[in-house]
Each structure stands twice: as C-alpha cells, then as structure tokens.
**Student:** 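Pasting in a structure now, in structure tokens, and then I'll have a few things to ask.
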Amino acid sequence: MDVPVEYYLALSGLVFLIGLVGVLVRRNIIIILLSIELMLNATNINFVAFSSYLGNLAGQVFVFFALTVAAAEVAVGLAIIIALYRHHESINVDDFSLLKW
Amino acid sequence: MLTATLVVALRNPIHSALSLLVMFFHVAGLYVTLHAEFLAAIQIIVYAGAILVLYLFVVMLLNIKREEQFNKQGVVAMFLGFVLLAETVLLGISRGFLIASPHAPLPVQAGASVGNTESIGELLYSTYLFPFEIASLILLVAMVGAVILTKKGIMEPKS
C-alpha cells in the first residue's frame with residue numbers, strides 16, 4: 001500500500017477545485033452547501049495524507065475538529081435555508097439580492 | 001473524483017446529494033488506505049449517516065422544482081476554475097510531481113502501531129483537550145442556533 005503522497009495531494013486539490021467551481025457556478029443554495037462539504041472533505045484528505053506521511057497523529061485530530069465544525073455548519077446552514085424558504089418560497093440565490101426583508 | 005464532479009454537475013439536488021454520499025464512502029476508503037481507520041469509521045457515521053440524512057431531509061422538505069442549473073456568472077466561474085486547474089497542472093509539471101516523482105516517496109510510517117483509535121484518543125484527551133471542549137461548545141451553539149432559526153415566530157418581522 002505504497003501510494004505516493006503526491007497522488008493524494010493531487011486528488012485533494014482537484015476535489016477542492018470542483019467544490020470551488022460548484023460554489024461559484026450553481027444557483028441552488030443546497031448544492032452550494034454540498035460543494036462546501038466537498039471542499040472540507042478535500043482539506044480532510046490533505047490532512048490525513050500528510051498525517052500518515054509524516055507519522056504524526058495531530059493531523060487526524062485536526063480532521064476530527066474539522067468534522068465537528070462541518071456538522072455545526074451544516075446544521076446552521078440548513079436552518080438558515082429553511083428560514084429563507086419560509087420567507088421567499090425559493091432557494092435560488094439570485095432571488096436573495098436584498099439584505100433586508 | 002468522478003462522483004465529486006457529479007455533485008456539481010447534476011441537476012436534481014437529490015441525485016447530487018446521493019453522489020456526494022458515494023464520494024464520502026470513497027474518501028473513507030482512502031482513509032483506510034492511509035492507516036486512519038478511526039477517521040474512516042467517523043467519516044461514514046457522521047458524514048454519510050448524519051449530514052447526508054439532514055441534507056436529504058431538507059431537500060425533501062423544501063420540495064424543490066427543477067430549475068435553472070447554472071447562474072449568470074457561470075461562464076466567469078468556469079473560466080476561473082479552468083485557470084486554477086491549469087495553474088495546478090503547470091505547477092505540478094514544473095515541480096515534477098505529475099510526471100514522475102523524482103525522489104522515492106518516504107515509506108508510509110504506521111503512525112499508530114498499536115491501535116489507531118487508542119492513540120488518537122490519547123492525543124485528543126491530553127494535548128488537544130481544550131480544543132475538544134471548544135468543539136463541544138461549537139456543537140451546542142449550532143444546535144441552539146438551528147432551533148432558534150427554524151422556530152416559527154421568532155424570526156418573523158414584527159408587523
């Protein structure tokens with residue numbers, strides 16, 4: 001199982017890129033949140049790859065914290081989406097150009 | 001990789017959430033190959049079990065119609081992504097990563113020879129005890145915030 005660490009880095013970079021393009025391109029808020037999850041996963045792959053490469057477990061602990069933060073972010077983000085949907089009957093980003101209701 | 005692309009590309013939110021699920025399983029497999037078994041289990045339980053269910057629940061709850069896929073700045077964003085991809089590939093080539101790794105990769109040290117979970121737990125509860133508590137606080141705040149945001153009547157404007 002000797003995969004060079006560069007492959008993991010390339011994969012994580014590509015996944016991060018896909019997530020970034022997803023955030024920029026899509027207009028559905030839920031998919032934007034999914035793309036943010038994609039980016040967080042890319043950083044997690046990076047962390048674990050380096051942690052295993054350097055033989056240091058701190059990277060995996062950091063992934064643990066990133067996971068908790070991702071879970072919190074998902075909860076709050078989905079709550080915001082539901083609140084927005086109640087107000088506007090839409091989750092299209094282009095409809096939310098106002099900063100006040 | 002492919003499923004990650006599908007997440008962004010698919011039109012129906014449910015389909016893209018499901019492809020994200022497949023992608024989470026692939027990432028868990030990557031963790032196993034990287035000798036991080038505890039994180040692989042956590043990845044499946046937390047991401048695939050909890051977060052994806054939350055997403056699917058909201059998608060079903062909101063009952064979204066098919067709509068336009070990309071927004072107006074899509075061309076610009078595609079261009080930006082293309083430029084970033086080209087930069088990554090160029091950098092990789094110039095550093096010799098993608099052609100052939102010039103040096104033999106260091107042997108992957110088994111960071112934890114005695115039980116991955118045990119050593120992570122020891123590290124978590126000794127060195128990273130304070131961030132651990134902060135993480136619990138973050139979860140508490142997120143829970144309260146989610147409840148308050150979705151509760152009817154609190155966020156309504158006074159009329």
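FYI, side chains are in, hydrogens and waters are out, and symmetry mates aren't considered; it's all heavy atoms of this structure.
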**Student:** So which of A/V63, A/T68, A/L78 has the largest heavy-atom pair count under 4.5 angstrom toward chain B?
**Tutor:** A/L78
**Student:** Select, from A/L20, A/V69, A/V48, the one with the greatest count of heavy-atom pairs under 4.5 Å involving chain B.
**Tutor:** A/V48
**Student:** Indicate if A/L34 and B/L56 have the same hydrophobic cluster label, given that clusters are the connected sets of ILVMFWY residues with side-chain heavy-atom separations under 4.5 angstrom.
**Tutor:** yes
**Student:** Side chain, backbone, both or neither: which part of A/A42 has an atom under 4.5 Å from a heavy atom of chain B?
**Tutor:** neither
**Student:** Do you reckon B/L139 sits in the same ILVMFWY cluster as A/L40, going by side-chain contacts under 4.5 Å, direct or chained?
**Tutor:** no
**Student:** Checking B/F132 against chain A: side chain, backbone, both or neither under 4.5 Å from a heavy atom?
**Tutor:** both
**Student:** Heavy-atom distance under 4.5 Å to chain B: side chain of A/V61, backbone, both or neither?
**Tutor:** side chain
**Student:** Check whether A/L17 gets within reach of chain B through its side chain, its backbone, both or neither, counting any heavy atom under 4.5 Å.
**Tutor:** side chain
**Student:** Go through B/I134, B/L140, B/L54, B/V46 and name the one with the most non-hydrogen pairs under 4.5 angstrom from chain A.
**Tutor:** B/L54
**Student:** Apply side-chain contact (heavy atoms from CB on, under 4.5 Å) to the pair B/L30 and A/I45, showing each step before the final yes or no.
**Tutor:** CA-CA 8 Å; B/L30 279 185; A/I45 293 173; 4.1 Å; yes
**Student:** Tell me, with the steps shown, if B/F38 and B/Y31 meet side-chain contact (heavy atoms from CB on, under 4.5 Å).
**Tutor:** CA-CA 9 Å; B/F38 174 67; B/Y31 288 167; over 6 Å; no
**Student:** Hey, which of B/G145, B/A135, B/P131 has the most heavy atom pairs under 4.5 Å with chain A?
**Tutor:** B/P131
**Student:** Check each atom of A/F62 against the heavy atoms of chain B and say whether the ones under 4.5 Å are side chain, backbone, both or neither.
**Tutor:** side chain
**Student:** Does a donor on one side chain sit under 3.5 Å from an acceptor on the other, for A/N44 and B/Q43?
**Tutor:** no
**Student:** Can you list the steps and then say if A/F65 with B/Y128 is a side-chain contact (heavy atoms from CB on, under 4.5 Å)?
**Tutor:** CA-CA 10 Å; A/F65 291 133; B/Y128 294 97; 4.2 Å; yes
**Student:** Is the shortest side-chain heavy-atom distance between B/I44 and B/F24 below 4.5 Å?
**Tutor:** no
**Student:** Please state whether the side chain, the backbone, both or neither of B/L39 comes within less than 4.5 Å of a heavy atom of chain A.
**Tutor:** side chain
